[in-house]
Structure formats: C-alpha cells, structure tokens
2 protein chains.
Amino acid sequence: MSERLARTLFALSDTNRLNIVELLKTGPLPVGEIAAQLGLNQPQTSKHLKVLLEADLVRIEPAANRRIYHLRTEPFQGLTAWSQSFEQQMVSRMTRLEGYLEQIQDTVNLKE
Amino acid sequence: MSERLARTLFALSDTNRLNIVELLKTGPLPVGEIAAQLGLNQPQTSKHLKVLLEADLVRIEPAANRRIYHLRTEPFQGLTAWSQSFEQQMVSRMTRLEGYLEQIQDTVNLKE
DNA sequence: TTGGAATATTCCTTTAAGGGTATATATAAA
DNA sequence: TTTATATATACCCTTAAAGGAATATTCCAA
C-alpha cells in the first residue's frame, strides 16, 4: 500500500543522499563529480546512488566511460501531492470543527 | 544542514509509521485506538509514536488516562515546500535548456 | 490507598544500513 | 591487446532499527 512511498522517503532520509539530491538539483553529474563535491569516497557514492536509483529518484545516462546521474521529477511531484493532501485534509477537519463550534455558540446564544 | 529534514523523512520512511500518520490524518487518536486499527501491539505503537514525536510530526494531548496523538501540520508544509522546490528548479533548468537549443537551432538555420 | 486501565520503557534478539578497503567490470585510448 | 580511467560490487565490521515479551509508570475510580 504505502510501500512505494516508504521506499521513496527512506531513500531521502539519509543526510548524504539528501545532499546528493540537492546537488543533482543543480544539474546532472557523473559519480566522480558527486563524490568530489560532497567529499564522499567513490564506493559509498555509488552505493547511495544505487539506493536513489532503486527508489526511482534518479536515472542514469551512460556517457562513454562515465555514468551521468539525473534527478527524476515524478517522485517529487508524487511527494508534493502526498504532502499537500495532509495540509488539505487537516484544514478541512479544522473547518468542520469551526462549523461545529459556531453551532455550539448559536445554541449558547439562544439560551441566553 | 539537511539534518532536520532527514529526520523528518526518516520518521516517515517506515510503513507502520506511514500508516499511523495516514490514520491520524483522519483525526486525533489515543495510542490504543491506533494500535487496534492498525493491528499493531501497544509497545511498538508507542515506540513508533515516539519517533514521530521526536521528528515533531505529532503532538500529545493528555486526556485523563490516555494520550491523544495529533498530527502537526508544519512539517508537512515544510516537506511540501522542499519537494516543490525541486520541481520548480528542474523546470527552470529545462526552460534554460530549451532556450539554448533554440539558439543552436537559429545558428544552424543561419548556416543553411 | 488499593486496583485497574492506558501508555511508556526496558531488555533481548535479529536484521539491515552505512562506512572502509579491496577488487571486479566496462569503456576509451594508446 | 594492453593500459588507464570511471564506476560498480564484494567483503568485513560496527551500529542502529524494529519486533516481541515483560515490566514500570501514570492516572483515575472505587
């Protein structure tokens, strides 16, 4: 059910991967560049990228010797939609509560 | 830097906690209710709620014997903003790329 | 003040994540 | 075909997360 979303969120829940994602936001980069700019060593960088890849957060564009990692937009759209659904849902609950309170208030006024 | 966000994302990256959050979206609930509705046993429910609490995703409203857990809205607003910043940033990169391609195209046309 | 219900915490065990180092793989260039 | 560069994978180690069961804590009611 929420399996897929959990995977996406997990992929983003590590500081290093979060930094990678922020870096890729500025544009696609090969592994070596990512490692260099973030001060990570290459194997961990590859491993983190694999996690991001399996969560569909990035895609690979092979270029000769290197593999250019691109950020994908879809997961973020999905994340935005999900996150927004909370704000909306909760606001609407709030609205209903307000309506209820007004009702109470009217009742009180009648009794006065 | 991204420490706080990572914590938020981590708290949400577990299926059970995700289910708890989805459940609380429909309204505040005490621990026992959450456990019952999701088929979790009480100790794990409390533990998961603690993780959510430490990530500021929920707040507690004590009521007699029980502790009612409420979803907080702020973290979701922050998450939405963060997630949206990716879509925007990436769209604008796309736009710049399109501009560049048009430029190239013009040059090609001139040469023909 | 004792008992009971709701919740939190502790202890234990198993599993998975993350880092480091070394090695395998692939691609381009000599 | 060898060599070099870029990247992925394997192996090892340490730590932390998650579940289960038992216990402690808190608060209300009798």
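Below, read A as the first sequence line, B as the second, and so on, with proteins coming before strands; counting in each chain starts at 1.
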Open item on the list: Check this one for me: any side-chain N or O of B/Arg67 less than 4.0 Å away from OP1 or OP2 of C/dA8?
Closed with: yes
- [ ] Give the minimum heavy-atom separation between B/Leu18 and B/Leu12, together with the two atoms involved.
- [x] CD1-O, 3.3 Å
TODO: For the residue pair A/Glu61 and A/His70, establish whether any side-chain heavy-atom pair is separated by less than 4.5 Å.
DONE: yes
- [ ] Report whether A/Leu53 and A/Val51 are members of the same hydrophobic cluster (ILVMFWY, side-chain heavy atoms less than 4.5 Å apart, transitive linking).
- [x] no
Task: A/Trp82 versus A/Gln77, side-chain donor and acceptor atoms under 3.5 Å - done: no
- [ ] To the nearest Å, give me how far apart CD1 (B/Ile60) and C1' (C/dT9) are.
- [x] 14 Å
Task: Atom pair distance, as rounded to whole Å: CD in A/Glu54 and P in C/dA16 - done: 14 Å
Task: A/Ala11 backbone acceptor or donor facing A/Arg17 side chain under 3.5 Å - done: yes
- [ ] Consider only side-chain N and O atoms of B/Thr80 and B/Gln84, and report whether a donor and an acceptor are under 3.5 Å apart.
- [x] no
TODO: Output all residues satisfying side chain to side chain donor-acceptor pair (under 3.5 Å) with A/Asp56, sequence neighbours left out; order by chain, then residue number.
DONE: A/Arg4
Dump the pairs, protein N or O against N or O of nucleotides 15-19 of chain D, anything under 3.5 Å, distances to one decimal.
{"residue": "D/dA18", "atom": "OP1", "partner": "B/Arg17", "partner atom": "NH2", "Å": "3.1"}
{"residue": "D/dA18", "atom": "OP2", "partner": "B/Arg17", "partner atom": "NH1", "Å": "3.2"}
{"residue": "D/dG19", "atom": "OP1", "partner": "B/Asn16", "partner atom": "ND2", "Å": "2.6"}
{"residue": "D/dG19", "atom": "OP2", "partner": "B/His48", "partner atom": "NE2", "Å": "2.6"}

TODO: Calculate the interatomic distance between B/Leu49 atom CG and C/dT9 atom P; express it in whole Å.
DONE: 11 Å
Task: Distance below 4.0 Å between A/Tyr69 side-chain N/O and D/dA8 OP1 or OP2 - done: yes
Open item on the list: Can you see whether A/Asn19 engages A/Glu22 through a side-chain donor-acceptor pair at a distance of less than 3.5 angstrom?
Closed with: no
List every contact pair, protein side and nucleotides 22-30 of chain C side both N or O, where the distance is under 3.5 Å.
{"residue": "C/dT27", "atom": "O2", "partner": "A/Asn65", "partner atom": "OD1", "Å": "3.2"}

